[in-house]
Amino acid sequence: MQRGPFNWKTLWPYAAVFAALLFLPMALSRFYIYITAVIYVTALLAMSLNMVVGHGGLYQFHHAAFYGVGAYTCALILVRTELPAWVAFAAAPFAAAFTGLLIGWFCVRLNKLYFGMLQISLGSLLWAIVFRWYDLTGGDDGIHGVPIPDAISTINTSYYFILLVLAACVSVMYLIYRSPFGKTLQAIRDNPERCEAVGINVRRHQLMGIVVATFFAGIAGVLFVVVEGSVFPDLLFWVLSLEVFIMCLLGGWFTFAGPMVGAAVTVALRTFVGTYTEYWTLILGVILILLIFFLPEGVMGFIIEKVQGGEAEE
Amino acid sequence: MLQVESLTKSFDGFLAVSGANLSVERGEIVAVIGPNGAGKTTLFKLITGHLRPDEGRIIFEGQSISGLRPYEVCRRGISLSFQVVNVFNRMTVFENVQVAVLSHQKKTRKLFSSSGRHGIEETEEILGNVGLADKARRVSGSLSHGDQKVLEMAIALGNRPDLLILDEPTAGMSPEETSVTIDLIHRLTRELGLTILFCEHDMELVFSIAHRIMVMQYGRSLIQGAPQEVRSNEEVQAAYLGGT
Amino acid sequence: MDFGQSITLSAVGVHLLVGLSRAMILFIVSSGLSFVLGVLRVPNVAHGSLYMIGAFAAFTLNNAFGGGSAGFWLALVLSPFVVAGVALVAERALFCHLYQREHLMLLLFTFALMLILGDLVKMVWGADYRSITTPEVLEGSLPILGSSFPKYNLFLLIVGPLVAVGLYLFTNKTKIGKIARAAAVDRDMVDAIGINVSWVFAFAFVLGCFLAGLGGALVAPTISVTLGMDHDIIIEAFLIVTIGGLGNMWGALLGSLIFGVTQSLGVLLWPQFAIVFPYLAVVIVLVWRPTGMLKSVW
């Protein structure tokens with residue numbers, strides 16, 4: 001039994017990938033550095049969603065709402081106030097987590113699909129407000145030209161900033177994934193009834209999971225502002241939520257790192273297929289159907305199964 | 001330790017349990033028997049909070065526990081091992097039991113420390129006790145039915161219950177598995193001194209380990225008494241034992 | 001807070017009527033969604049795409065029959081069948097193989113279908129705005145409550161209840177309708193008495209999509225038909241079904257009325273935030289009755 005939080009035997013591939021990514025900007029053009037940064041942001045969002053979907057078994061159908069709240073909080077503080085930038089960066093995840101607490105508080109009383117539906121309606125309510133409140137949020141135009149601190153405003157420095165934040169967040173997520181709380185959440189995913197029977201207050205743990213996951217979604221929102229310098233209501237739109245949901249499935253939602261793979265595949269597909277044809281969602285749809293039929297555990301799940309011969313991921 | 005008084009529960013007009021009485025003293029092994037559909041499982045689920053009683057009282061350690069939610073009942077010291085296998089399918093055998101241990105130790109909200117540091121000895125001890133130690137790393141969904149039933153019991157033990165409720169511990173087991181399980185229950189009661197409330201169709205098991213037996217029929221409790229007393233009761237013979 | 005127009009009784013009345021006629025479209029679409037949800041237990045995300053296809057098909061058929069009155073009525077009748085055909089192909093070729101799988105997989109399948117259908121519509125019809133002219137009978141307005149009220153909306157107010165009654169008779173009086181309803185309540189039972197559940201599911205799916213197509217064809221003359229109309233309707237239909245009670249047809253009607261009326265009264269009260277009102281209504285209903293107003297079949 002592995003006692004420490006990190007075990008280098010299983011983690012060295014991640015460390016190697018991280019080291020390689022550090023050198024990536026030297027080999028890539030501006031455009032590809034930007035795309036890679038977008039992948040990181042999306043990967044963090046997908047990872048945060050998977051904390052409650054893949055590991056928590058919740059129908060978190062409107063995760064983008066919290067991402068949007070994080071991004072808007074950050075952008076609004078940067079644009080409308082004189083507060084230092086770090087305040088904006090720090091406030092965003094807390095705003096997202098607070099929204100998660102509020103919305104989650106209503107949702108966890110319900111099961112499965114009703115949970116998802118209530119969350120979609122509450123999230124859409126937020127979206128509708130952002131979409132229409134021109135005076136505050138700029139309405140459907142969004143906010144553009146958000147002043148990013150000089151230190152991370154060039155493409156290279158923002159790349160490193162985002163990569164480091166992603167690495168830090170993923171490490172913490174891994175810690176949580178393997179923590180007693182993480183195990184409890186996974187147990188709730190597998191069998192909430194049994195969890196109640198062993199003395200676990202299921203709803204409270206689910207709510208806690210939502211707050212943690214939405215906190216990370218808020219961080220992803222900050223990173224989005226850093227890389228794009230703008231925010232718009234589509235960040236809170238339900239279509240994005242479902243897209244992120246798909247990334248989790250695509251990568252393998254019962255694995256830890258799968259959603260990152262899913263995010264990378266999806267963003268890369270959109271970028272590269274998008275340059276050849278405008279019908280990239282068609283191709284995404286077809287891939288998704290192939291996946292449902294042939295790789296139900298996702299790309300990462302498939303790899304892990306092959307590598308470990310059917311043993312569970314440790 | 002546990003007193004159930006005139007407990008009643010109906011589903012859509014059907015009386016599943018009506019006026020059932022039951023008492024369990026500390027250190028005792030009590031069996032509930034009765035034909036299929038007599039209300040045994042419903043009675044257990046009422047005690048553990050999975051169902052809410054319509055009428056009647058459930059007193060545990062001098063306090064009423066009726067209407068509490070399952071996790072609250074569990075924290076008072078009652079664990080249920082389900083009749084239908086009800087484990088955490090995607091997790092390993094070890095993790096299955098560890099979750100219960102963590103819950104008992106109130107550590108389920110620890111976010112930033114490795115689960116490899118909590119509840120390890122306790123979990124290993126339980127797995128050793130029930131004989132699943134060599135399968136600890138297997139994913140529980142891949143176990144045989146018999147092993148899953150044993151795991152079911154192991155999870156219930158993870159909470160260090162004062163009262164362990166076993167709903168048909170040998171249901172669906174092969175004869176070999178059944179005899180292993182009977183030995184296991186014998187051993188658990190002897191070595192751990194557990195108080196056990198169980199229901200079972202295997203009369204050999206019932207009469208070999210139960211201190212007292214409660215007989216249910218049509219949701220009512222016919223009699224509760226020592227095995228000899230129950231065996232010689234005419235009403236019981238007519239209702240139940242006479243048929244077998 | 002800026003008011004769009006002075007709130008007079010007649011303005012309220014007209015907005016109420018507009019809201020009700022909008023609710024009829026919502027009802028037709030969401031009752032189809034609800035039917036699929038009740039029988040198959042799958043939230044069909046592609047439902048909005050089928051609604052969009054219904055609208056585009058109506059446009060094409062209308063042109064093919066030379067427009068005018070004949071074109072409109074033929075398009076209205078035929079385009080739901082086009083949509084039902086698309087649904088049948090998708091169901092028999094792919095969807096029917098997934099019924100034993102995990103619930104989320106079914107949901108994701110319908111999402112994949114939505115992505116594919118959305119792009120197919122873009123391929124076939126392009127990204128332009130299309131419009132359909134209403135036939136002369138339904139053109140213009142009638143004076144009601146001192147304001148003018150479009151005739152087409154009155155037409156919708158007649159069609160909606162007709163569909164509701166038709167659907168009621170169908171699910172309660174015909175054999176296949178009864179079987180579908182029984183399958184919604186207890187799928188194993190239907191299986192046990194020897195009915196091929198797979199075909200019942202196919203039938204329910206196609207009927208639900210037919211209603212989506214009908215909604216699309218009906219809405220076509222009132223809006224500009226364009227890409228993206230699938231995204232708007234599907235979320236509304238989902239929320240309506242949820243507040244009504246999953247799988248409950250009368251719930252879908254009730255939910256549509258609430259949604260349509262709050263939307264149009266919102267326009268009257270506070271135009272800028274009009275779209276917020278129906279969502280707010282949904283939230284209030286769900287906080288008050290988390291599993292919907294009427295009994296869910298789940």
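Because the structure is predicted, anything quoted here is derived from the model rather than measured. Note on naming: letters A, B, ... go to the chains in the order of the sequence lines (proteins, then strands), and numbering restarts at 1 for each one. Note: hydrogens, waters and symmetry copies are ignored here, and every other heavy atom, side chains too, is used.
- Contact annotation for Val241(C): neither backbone nor side-chain heavy atoms come within less than 4.5 Å of a heavy atom of chain A.
- For Ile234(C), the part lying under 4.5 angstrom from a heavy atom of chain A is the side chain only.
- Interface check for chain C: of the options Phe131(A), Tyr59(A), Trp127(A), the most heavy-atom pairs under 4.5 Å are formed by Tyr59(A).
- Taking the six-membered ring where tryptophan is involved, the planes of Trp125(C) and Phe56(C) are essentially parallel, since the angle between them stays under 30° and well short of 60°.
- Looking at Leu125(A), the atoms closer than 4.5 Å to chain C (heavy atoms on both sides) sit in the backbone and in the side chain alike.
- Highest contact tally toward chain A, considering only Ala274(C), Ala112(C), Pro278(C), Gly118(C), is held by Ala112(C) [criterion: heavy-atom pairs under 4.5 Å].
- For Val276(C), the parts lying under 4.5 angstrom from a heavy atom of chain A are both the backbone and the side chain.
- Proximity to chain C (any heavy atom under 4.5 Å) is restricted, for Trp253(A), to the side chain, taken from C-beta onward.
- Only the side chain of Phe237(A) has a heavy atom closer than 4.5 Å to any heavy atom of chain C.
- Heavy-atom distances place the side chain of Leu107(C), and not its backbone, under 4.5 Å from chain A.
- Among Leu291(A), Leu118(A), Ile283(A), the residue making the largest number of heavy-atom pairs under 4.5 Å with chain C is Leu118(A).
- A tilted orientation is assigned to the rings of Phe205(C) and Phe95(C), their planes being inclined by 30° to 60°.
- Checking Ser241(A) against His62(A) by side-chain atom types alone, a donor-acceptor pair falls below 3.5 Å.
- Distance alone, capped at 3.5 Å, is enough to place a donor-acceptor pair between the Asp119(C) side chain and the Leu282(A) backbone.
- Residue Leu239(C) touches chain A through its side chain alone, counting heavy-atom pairs closer than 4.5 Å.
- Chain A forms more heavy-atom pairs under 4.5 Å with one residue of Leu98(C), Val282(C), Leu113(C) than with any other, namely Leu98(C).
- Thr110(C) places no side-chain N or O within 3.5 Å of a backbone atom of Asn44(C) that could act as its donor or acceptor partner.
- Stacking of Arg92(C) on the aromatic ring of Trp199(C) is recorded, both the 6.0 Å distance cut-off and the 45° axial limit being met.
- If you tally non-hydrogen atom pairs under 4.5 Å between each of Ile243(C), Leu120(C), Ile235(C) and chain A, the highest count goes to Ile235(C).
- Contact annotation for Leu110(A): only side-chain heavy atoms (C-beta onward) come within less than 4.5 Å of a heavy atom of chain C.
- Met123(C) touches chain A through backbone and side chain together, each having a heavy atom under 4.5 Å away.
- When the candidates Leu284(A), Ile246(A), Leu126(A) are compared by the number of heavy-atom contacts under 4.5 Å with chain C, Ile246(A) comes out ahead.
- Of the listed residues (Thr214(A), Val130(A), Ile103(A), Thr99(A)), just one forms a side chain to side chain contact (heavy atoms under 4.5 Å, CB included) with Val69(A), and that residue is Thr99(A).
- Relative ring orientation between Tyr177(A) and Phe256(A) is described as tilted, the plane-to-plane angle lying within the 30° to 60° band.
- For Phe61(A), the part lying under 4.5 angstrom from a heavy atom of chain C is the side chain only.
- One finds a salt bridge joining Glu243(A) and Arg270(A) here, because a Lys/Arg side-chain nitrogen approaches an Asp/Glu carboxylate oxygen to under 4.0 Å.
- Heavy-atom contacts from other residues, nucleotides or ligands closer than 6.0 Å to CH2 of Trp133(A) number 12 or fewer.
- Applying the ring-ring contact (aromatic ring centres under 6.0 Å, His included) test to every pair with at least one member in residues 261-287 of chain A, sequence neighbours left out, gives these pairs: Tyr32(A)-Phe272(A).
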